[in-house]
Amino acid sequence: MRVDRCDFSGYKVYPSRGKVYVRGDSKTFRFLNHKSESLFLQRKNPRKIAWTQVYRRMHKKGITEEVAKKRSRKNVKVQRGIVGADLASILAKRTAKPEVRAAARAAAITKAKTEKRDKEASKAANRSTQANQPKVSKQAMKGGKGGR
């Protein structure tokens, strides 16, 4: 025995009961009685009609056994070190005073500036030595015939 569900009310429709409504696009709807068919054709929303199963499910009606609330486990935060910095160094940086932090930042900036200045100086010296050499095309550098 095949038992269907009413497309409007959600109740069971047993064999030889109810109506089948076929829409223009060939979609079929099964209704328990004329009441649910009529409300469907009036385009009523079953979620707003109190006796339908959809309404009852939405408004949590008729749930007999009270389900015990699931206790959610509280997340425990654990601090761990990451690659390149262990936990002790991370905590030391976090607890450092703002003055110490500013001094370390200033030192890092001056160090970076001196390194950049040295790099620029070495680049300039390198450029002056290359200026004395004759210019050679890329093909000639690769072993070409040199314009023959």
Side-chain angles (χ1 to χ4, degrees), residues 1-127 130 135-145 147:
M1 180 173 79
R2 186 171 160 208
V3 179
D4 293 316
R5 289 269 169 199
C6 174
D7 283 313
F8 186 82
S9 65
Y11 288 117
K12 290 179 182 176
V13 179
Y14 288 95
S16 78
R17 298 281 170 178
K19 283 186 178 182
V20 176
Y21 172 75
V22 182
R23 203 164 55 186
D25 62 351
S26 301
K27 182 161 172 41
T28 59
F29 297 94
R30 200 168 294 275
F31 301 111
L32 176 65
N33 50 21
H34 181 72
K35 178 182 176 181
S36 51
E37 181 189 13
S38 173
L39 289 166
F40 175 82
L41 292 174
Q42 292 173 48
R43 297 187 175 279
K44 299 288 185 194
N45 190 348
R47 289 176 193 86
K48 292 184 177 178
I49 295 173
W51 54 268
T52 61
Q53 289 296 312
V54 183
Y55 176 93
R56 293 180 65 79
R57 203 172 301 123
M58 230 178 90
H59 293 83
K60 296 181 173 62
K61 306 285 184 192
I63 299 169
T64 53
E65 50 191 59
E66 189 63 36
V67 180
K69 282 189 177 178
K70 283 188 178 180
R71 290 191 307 185
S72 60
R73 292 182 61 185
K74 181 132 185 174
N75 292 339
V76 180
K77 288 191 177 181
V78 178
Q79 291 188 333
R80 296 186 297 184
I82 55 172
V83 177
D86 59 331
L87 183 60
S89 64
I90 292 171
L91 290 173
K93 283 181 182 176
R94 187 180 295 163
T95 57
K97 298 260 190 289
E99 303 87 37
V100 176
R101 206 177 290 139
R105 185 170 181 263
I109 289 170
T110 54
K111 182 183 173 192
K113 283 183 178 178
T114 55
E115 283 179 2
K116 188 176 180 184
R117 206 176 299 122
D118 293 343
K119 192 175 178 183
E120 291 288 329
S122 66
K123 207 181 227 184
N126 205 4
R127 233 185 259 136
Q130 284 183 351
K135 291 187 178 177
V136 183
S137 69
K138 284 187 181 177
Q139 273 188 330
M141 285 175 80
K142 290 181 181 175
K145 303 264 179 169

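Bear in mind the structure is a predicted one, so any value in this text is a computation, not a measurement. Residue indices begin at 1 and follow the sequence shown.
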NE2 on H59 to CZ on R47, rounded to 0.5 Å: 11.0 Å
Electrostatic pair K27-D25, nearest N-O below 4.0 angstrom: no
Minimal non-hydrogen separation, R94 against R101, with atom names: O-NH2, 3.7 Å
Backbone N/O of V22 and side chain of S26: donor-acceptor pair under 3.5 Å: no
Point-to-point distance, once rounded to the nearest 0.5 Å, from CG of D4 to CG of L32: 11.0 Å
Min side-chain heavy-atom separation I82-I90 under 4.5 Å: yes
T52 side chain vs I49 backbone, donor-acceptor pair below 3.5 Å: yes
Nearest-0.5 Å distance that lies between atom CG in D118 and atom NZ in K116: 12.5 Å
Within 6.0 Å of CZ in R17, more than 12 heavy atoms from elsewhere: no
Flag, side chain of N33 to backbone of S36, donor-acceptor distance under 3.5 Å: yes
From E115 atom CD to K119 atom NZ, the distance as rounded to the nearest 0.5 Å: 9.5 Å
Heavy-atom donor-acceptor pair, R30 side chain to G18 backbone, under 3.5 Å: no
Donor-acceptor pair, side chain of S38 and main chain of H34, under 3.5 angstrom: no
W51 and F8 aromatic ring geometry - parallel, tilted or perpendicular at 30°/60° bounds: tilted
Y21 and D7, any side-chain heavy atoms less than 4.5 Å apart: no
